[in-house]
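The structure appears below as structure tokens.
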2 protein chains.
Amino acid sequence: MDQTGEMVNKKRISESTIHRLSLYFRALSQLERENNETVSSKELAKREKLTPAQVRKDLSFFGSFGTRGLGYPVVELKNKIAAILGIDRSWKVALVGVGNIGSALVGYKEFTKQGFQIVKLFDNDQRKIGSNHKGIEVSDIDNIKEELTESDIELVILAVPAAVAQFVIDDVVRAGVKAILNFAPINLKVPDDIYLRNENMSMELEYLSFAMVNNHTPRKVR
Amino acid sequence: MDQTGEMVNKKRISESTIHRLSLYFRALSQLERENNETVSSKELAKREKLTPAQVRKDLSFFGSFGTRGLGYPVVELKNKIAAILGIDRSWKVALVGVGNIGSALVGYKEFTKQGFQIVKLFDNDQRKIGSNHKGIEVSDIDNIKEELTESDIELVILAVPAAVAQFVIDDVVRAGVKAILNFAPINLKVPDDIYLRNENMSMELEYLSFAMVNNHTPRKVR
DNA sequence: ATAATTTTGTGAAGCATTTCACATATTTGG
DNA sequence: CCAAATATGTGAAATGCTTCACAAAATTAT
């Protein structure tokens, strides 16, 4: 921020940096459980298979959080990163598609831990509608636009078959939701102001397959 | 290859390129279903939100598959990419941890479609051991080293709690498995010759959260 | 048959990201 | 209190990745 309070010179933060913040957050949570007061960029890097320079550079985009000669204060840095990532609050999430993948995600503890609370479920299967998953009743997907519009849900996870994903996402967008995580293996079209991310679980398996078949040397983990 | 028959000058193919090959494969499968004989880099790019130059450059690392003025032959290119990715064959996969995420993965059709066949399940829960999931009996995780060693399984998916993931992966590595896909949110230590990839589903949610809180402009999907 | 059009394949240029290296600040040890 | 050690923060260099731009090749239209 400059004197006017405006965020000036907001350097374009790379996607990789953001993903690494998630890793730092995870490592810091562990360091906190181990009762460490401080941590050096060296140790933090080691815990996530990165380089110390990378850690320092990443953090430097957001401020200077460390003390020379000492390192970073674990809890404080963890909280700072949480604030940067926006996980210092809770997010209400709707999950669409209570099938194979969907039902797994309803009970996925990591989401809850990071503040993502699944509070609404949708499906189109009459046998599922009205049923209860982990304490949440499944709503009819036909009402999704209305129900999402009326709710304070800001984030939607899509776990429906690829064949219907575009129709569903259109409704979700019409309901005013701005952030969507898609598990269907298809490239969905959304307006420019929607944040859409894809989770493609086969991709990493394919990477492993490629690596094995080609004796691919760089094995840096993601 | 040079005169000695050694693969020389094997350009380091980037991780991003490999991931995009997965996207091309997906798009080409769709184009095949739509009965397209050929496809241009422009169209292929459009279908996966990339640039035509990117598509051509990626493919050029592996050969020249197209015809100037015409484009790429859909089926042929699809097969070539499958061969590059090593998914022109089937892979026998073991899944460890038949819990929340694990059970979802057993029935995940995308894996099967790409040739990844889950043929063995392991868990440490007595109630699960011996039970049947999608036609596969759950084995006792205590025997994992022996059972994997005796099998022809080359790929393991880890879907166990973070707290035990390191112990389990140690056994998997001792059994001679060289490629592992880990779903536990923890950085696992493995020898240098093991291919380990991590699937961290919270990461993309955190990216969405970051984007929303910071009005992050670049919304290129992954 | 020829011209106009399309589209690939690829060096080179342009950008972006990572790593280096070091001045600076702080702590620790004697 | 001073010297040695530690560790950050950051420009600059190095590396890596993407886009540009165009010659070459093939197709399509006339």
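Proteins get letters first, then strands, A, B, ... in listed order; numbering begins at 1 in each. Below, each value reflects all heavy atoms present in this structure, side chains not excepted, and no hydrogens, waters or symmetry copies.
- Rounded to an integer number of Å, the gap from B/Arg20 CZ to D/dC17 P is 9 Å.
- Listed by chain and residue number, A/Arg56 satisfy the side chain to side chain donor-acceptor pair (under 3.5 Å) test with A/Ser41 (two or more places apart in sequence, or in another chain).
- Summarising the geometry, the separation between CG on A/Asn36 and P on D/dA7 is reported as 13 Å, rounded to the nearest angstrom.
- The stretch residues 62-71 of chain A participates, sequence neighbours left out, in no side-chain hydrogen bond (donor to acceptor under 3.5 Å, both in side chains) pair at all.
- The phosphate of D/dT19 (OP1 or OP2) has a side-chain N or O of B/Thr51 nearer than 4.0 angstrom.
- With sequence neighbours left out, the side chain to side chain donor-acceptor pair (under 3.5 Å) criterion links A/Lys113 to A/Glu110.
- Regarding contacts with the backbone of D/dA7, every side-chain N or O of A/Ser41 stays at 4.0 angstrom or more from both OP1 and OP2.
- For B/Lys178, the salt bridge (Lys or Arg N to Asp or Glu O under 4.0 Å) partners are B/Asp193, not counting sequence neighbours.
- Note that the CD1 atom of A/Ile118 and the CG atom of A/Leu95 stand 5.0 Å from one another [nearest 0.5 Å].
- The listed nucleotides are D/dA26, D/dT18, C/dG9; the one nearest the side chain of B/Thr67 is D/dA26.
- Residues satisfying the salt bridge (Lys or Arg N to Asp or Glu O under 4.0 Å) criterion with B/Arg47, sequence neighbours excluded, are B/Glu34, B/Glu43.
- For A/Glu15 and C/dT18, the CD to C1' distance is 16 Å, given to the nearest whole Å.
- Protein atom CZ of B/Arg12 is 6 Å distant from nucleotide atom P of D/dC17, rounded to whole Å.
- Atom CZ in A/Phe61 sits about 10 Å away from atom C1' in C/dA16, given to the nearest Å.
- Contact annotation: A/Tyr72 reaches the phosphate of D/dG9 (side-chain N/O to OP1 or OP2, under 4.0 Å).
- Remark on DNA chain D: of its neighbouring residues A/Leu70 and A/Lys57, the 5'-side contact belongs to A/Leu70, judged by nearest-heavy-atom nucleotide.
- Under 4.0 angstrom from either OP1 or OP2 of D/dT19 there lies at least one side-chain N or O belonging to B/Gln54.
- In this structure, A/Ile13 places its CD1 atom 13 Å from P of C/dA16, rounding to the nearest Å.
- Going from atom CG of A/Leu77 over to atom C1' of D/dA7 covers 14 Å, rounded to whole Å.
- Listed nucleotides: D/dT18, C/dT8, C/dT10. Nearest to the side chain of B/Ser60: C/dT10.
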Contacts under 3.5 Å, N or O only, protein and nucleotides 21-23 of chain C:
| residue | atom | partner | partner atom | Å |
| --- | --- | --- | --- | --- |
| C/dA21 | N6 | A/Arg56 | NH2 | 3.3 |

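- For B/Lys92, the NZ atom sits in a loose shell: 12 or fewer heavy atoms of surrounding residues, nucleotides or ligands are nearer than 6.0 Å.
- Mapping B/Lys42 and A/Thr17 onto DNA chain C by nearest heavy atom places B/Lys42 closer to the 5' end of the strand.
- Rounded to an integer number of Å, the gap from CG of A/Leu50 to P of C/dT19 is 9 Å.
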